[in-house]
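Here is the structure we will look at.
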Amino acid sequence: MKRMLFAGLLAASLGSAHAYQWNYPAPIKTPGANDNGKVVLFDVSHGGTEGNADWVIDGAFSDFADALVGEGYTVQEYRGVDKNSDGVIQFVDDYTNPTTANSNANEAVITYSAISHADVLVLAESNRPFTQAELQALEDFVAAGKGIFFVADHYNADRNLNTWDSTEVFNGYNRSTLSQFNVGGSYGDLRNPGVATGGWLAQEFGIRFRFNAIDWHSGASGIEPASQVEGLTTGVGPVLMAGGATLAITDPNKAKGLVYFSTSDSPSRWTHAVDSGLYFGGTAEGPYVAIAKSGPGKAAFIGDSSPIEDASPKYKRQDNGNTKSTYPGWTDAGNAAQLSINLIDWLATPESYTQFNSSAHPAGTVTPTPMASEELDDPDNGQPWNTPSGGYNPWDASTFDYGAYGAPDGPGGNNGGGGEVLSVSEALAEPTGTTVTVAGVITQAINGEYALEIEDSAGSATLYVKLESQYRNDFSPQNNPAVIGETLQVSGERDVYMGEPSIEYVTDMQLVDGSTGGGSCGSSGAVSVSDAYASSQGTPLTVVGEVISGVNDPYALELGDLNNSTSVYVKLESDQRAEYSPANNPAMVGQTLEVDGVRDLYMSHPSLESVSSLTVISNCP
């Protein structure tokens with residue numbers, strides 16, 4: 001209710017601005033004199049911006065997009081079809097309410113006529129299923145000699161909490177066999193068929209995404225010879241996997257693998273996998289990167305976004321409005337940058353052969369067990385990995401938070417982040433009902449745990465900040481006295497609380513100015529686990545993350561990023577093991593830890609060693 005009230009007040013405060021128009025026009029990037037005349041579309045009509053994902057060409061896929069522009073491609077963002085000619089693409093729920101009226105009204109759709117001008121379509125972590133008509137449009141696109149690049153992630157990367165992740169969306173069926181996934185309407189029966197050759201992807205391209213979830217940050221090193229895979233592995237080294245999936249080839253005349261786990265690789269189950277995560281290992285796990293030739297057109301597949309993305313997210317989270325944290329994979333040692341360019345070049349080049357069945361275009365290798373027994377049903381019983389809260393509904397764009405892709409309101413222009421940060425004095429000058437982002441020093445608790453006071457650093461002006469329930473443990477001075485004296489940056493609406501000027505309907509809250517390390521918490525200069533992972537060996541670092549598990553007990557622990565699946569190992573000195581090793585002190589798991597150490601490798605995994613200090617901290621939102 002508060003989310004909807006906030007959206008209404010915000011829309012009113014924007015005067016003549018219309019809801020949903022703040023994020024238009026869609027971005028486009030054009031080459032210079034090297035223009036090759038080809039177009040690459042990055043689709044966001046079905047996701048790619050949910051949760052911490054930000055797979056847009058002016059956000060966390062900007063490095064990818066810019067590299068393509070450097071190769072002469074025109075790069076565009078695809079959002080859907082403007083059916084009512086109002087200049088905005090609006091999503092209407094035609095899945096949970098699959099009526100003809102909703103189907104006709106939904107504009108966030110893929111049609112062949114809308115994408116036919118492109119040479120390549122990039123589908124990055126689509127988190128909403130395709131209708132049968134949309135699947136036909138994709139088939140028509142390929143039949144016209146075009147190419148599709150499917151970028152997936154680990155099973156249960158259900159980032160928008162709608163019970164679908166990209167492995168399911170691309171396969172064309174949900175992992176569950178429950179009757180609720182026999183949707184009907186324009187979708188039909190989307191239940192798990194229980195056979196590897198079932199589902200749209202397998203039938204069209206002879207391949208399916210597995211429902212596994214694997215970590216191998218050192219990189220899958222089983223690189224197929226370029227001569228066997230259309231030259232696509234030229235210049236390609238091991239490709240990192242930070243919580244990703246592999247694929248299973250069901251028709252070797254249509255599909256073949258490019259990158260596998262080699263016998264020297266030691267992949268492991270991703271910490272948050274819902275099942276064993278790693279089913280067979282080695283080449284039997286299926287390719288991590290693959291291609292397909294189905295008639296005139298082509299397709300390419302990769303099971304993780306991490307080696308492609310960069311650390312420049314544009315949008316806020318849809319569910320809570322918080323700032324996202326993405327991984328600098330494009331420049332990581334295990335990046336897929338050269339591989340991705342090779343794939344786009346291949347996908348954009350029409351060729352007359354229709355299958356892999358000749359000496360010039362060798363066949364692939366069938367994956368021995370293309371559907372593991374664990375993949376026959378859903379361990380989550382058809383439920384999302386977490387329950388939507390705070391009024392957020394993944395099927396209703398009007399509930400998306402300010403600044404999120406698809407939200408009614410945001411800062412406008414091409415900047416998906418927050419607006420100008422005001423001082424307390426400047427915020428006091430704004431009329432009630434105005435949306436502001438303000439920074440001030442926390443001075444005291446107000447009304448117990450329900451609010452706090454901030455002031456300008458000079459102490460000349462004060463504001464109350466009303467705390468929603470999710471912020472009280474970390475930010476209320478009554479519950480966490482350590483926040484007094486820290487600088488708080490808060491986004492919300494100017495209002496009046498207990499007769500005093502205030503900020504309410506808060507959408508984002510974080511400690512800044514010397515306490516933002518590791519993603520909004522920690523000591524001055526502290527960095528996130530993702531930043532530590534990307535740092536060079538030998539770099540001294542202060543790192544903040546969450547303790548996930550013990551490693552080589554009791555000699556080390558695994559420290560996870562607070563906002564994504566990246567992790568590093570922390571090698572513990574002998575005098576640190578009793579207190580900090582999860583083997584000796586299980587209560588450490590789940591704690592936020594600040595570590596001073598040196599970037600290194602431990603058990604072939606990025607690590608912190610020569611650790612001089614470990615501190616459990618509590619100022620992380």
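Reckoned from all heavy atoms, side chains included, excluding hydrogens, waters and symmetry mates. In this chain, residues are counted from 1 in sequence order.
Here the CD1 atom belonging to Ile148 is positioned 11.0 Å from the NZ atom belonging to Lys146, to the nearest 0.5 angstrom. A distance of 9.5 Å separates CG of Asn171 from OG of Ser166, quoted to the nearest 0.5 Å. Distance check: His605 NE2 to Tyr569 OH gives 5.0 Å after rounding to the nearest 0.5 Å. Rounded to the nearest 0.5 angstrom, Thr163 OG1 and Asn156 CG are separated by 10.0 Å. Here the CG atom belonging to Leu135 is positioned 10.0 Å from the OH atom belonging to Tyr187, to the nearest 0.5 angstrom. To the nearest 0.5 Å, atom CG of residue Asn393 and atom CG of residue Leu161 are 10.5 Å apart.
Residue pairs meeting the salt bridge (charged side-chain N to carboxylate O under 4.0 Å, His left out) criterion with at least one partner in residues 105-122, sequence neighbours excluded, are absent. Counting only residues at least two apart or on different chains, the salt bridge (charged side-chain N to carboxylate O under 4.0 Å, His left out) pairs with a member in residues 344-368 are Lys298-Glu351. For the salt bridge (charged side-chain N to carboxylate O under 4.0 Å, His left out) condition, the pairs that include at least one residue of residues 155-166, sequence neighbours left out, are Glu125-Arg159, Asp153-Arg159. Residue pairs meeting the salt bridge (charged side-chain N to carboxylate O under 4.0 Å, His left out) criterion with at least one member in residues 245-269, sequence neighbours excluded, are Glu230-Lys256. Note on residues 113-140: pairs passing ring-ring contact (aromatic ring centres under 6.0 Å, His included), not counting sequence neighbours, are His46-Phe130.
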**Q.** Audit row: Ser262, Ser221, side chain to side chain donor-acceptor pair (under 3.5 Å) steps and yes/no
**A.** CA-CA 6 Å; Ser262 72; Ser221 64; 2.7 Å; yes
Q.
Does Phe91 form a side-chain contact (heavy atoms from CB on, under 4.5 Å) with Arg128? I'd like the steps, not just the answer.
A. CA-CA 11 Å; Phe91 170 62; Arg128 188 164 53 79; 3.4 Å; yes
Q: Under the side chain to side chain donor-acceptor pair (under 3.5 Å) rule, what do Asn174 and Ser176 come out as? Steps first, then yes or no, please.
A: CA-CA 5 Å; Asn174 196 276; Ser176 174; 4.6 Å; no
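The only option from Leu232, Thr233, Leu258 that meets the side-chain contact (heavy atoms from CB on, under 4.5 Å) definition with Asn342 turns out to be Leu232. Among the candidates Ile110, Val169, Val151, the single residue satisfying the side-chain contact (heavy atoms from CB on, under 4.5 Å) test with Leu123 is Ile110. Screening Thr99, Val109, Asn106 against Val92 for a side-chain contact (heavy atoms from CB on, under 4.5 Å) leaves a single residue, Asn106.
Applying the ring-ring contact (aromatic ring centres under 6.0 Å, His included) test to Tyr533 and every residue at least two apart in sequence or in another chain returns His217, Tyr327. In this structure, Tyr288 has no ring-ring contact (aromatic ring centres under 6.0 Å, His included) partners at least two apart in sequence or on a different chain. Every residue meeting the side chain to side chain contact (heavy atoms under 4.5 Å, CB included) condition with Ser549, not counting sequence neighbours, appears here in chain and number order: Glu558. Every residue meeting the side chain to side chain contact (heavy atoms under 4.5 Å, CB included) condition with Ala133, not counting sequence neighbours, appears here in chain and number order: Thr131. Checked against ring-ring contact (aromatic ring centres under 6.0 Å, His included), Tyr279 has no partners two or more places apart in sequence or in another chain. Listed by chain and residue number, nothing satisfies the side chain to side chain contact (heavy atoms under 4.5 Å, CB included) test with Pro586 (two or more places apart in sequence, or in another chain). For Tyr405, the ring-ring contact (aromatic ring centres under 6.0 Å, His included) partners at least two apart in sequence or on another chain are Tyr315.
For Arg175 and Tyr155, the positive end sits near the middle of the six-membered ring, less than 6.0 Å away and at most 45° from its axis.
With a 4.5 Å cut-off on side-chain heavy atoms, Lys316 and Asp401 do not count as touching. Residues Asp304 and His154 fail the side-chain proximity criterion, which asks for heavy atoms closer than 4.5 Å. Contact check for Leu557 versus Val551: no side-chain heavy atoms found under the 4.5 Å cut-off. In this structure, Leu343 and Val120 have side chains that are not in contact, with every pair of non-hydrogen atoms separated by 4.5 Å or more.
Ring centroid separation for the pair Phe301 and Phe170 does not come in under the 6.0 Å cut-off. In this structure, the ring of Trp55 has its center no less than 6.0 angstrom from the ring center of Phe42. Taking the six-membered ring where the residue is Trp, the centroids of Phe205 and Trp200 are separated by under 6.0 Å.
Tyr353 and Phe356 have tilted rings, their planes meeting at an angle from 30° to 60° on a 0 to 90° scale.
With no hydrogens or angles considered, no side-chain donor-acceptor pair links Ser268 and Asp215 at under 3.5 Å. Side-chain polar atoms of Ser398 and Asp396 form a donor-acceptor pair below 3.5 angstrom.
A salt bridge between Asp58 and Lys314 is present, with a side-chain N of the basic residue lying under 4.0 Å from a carboxylate O of the acidic one.
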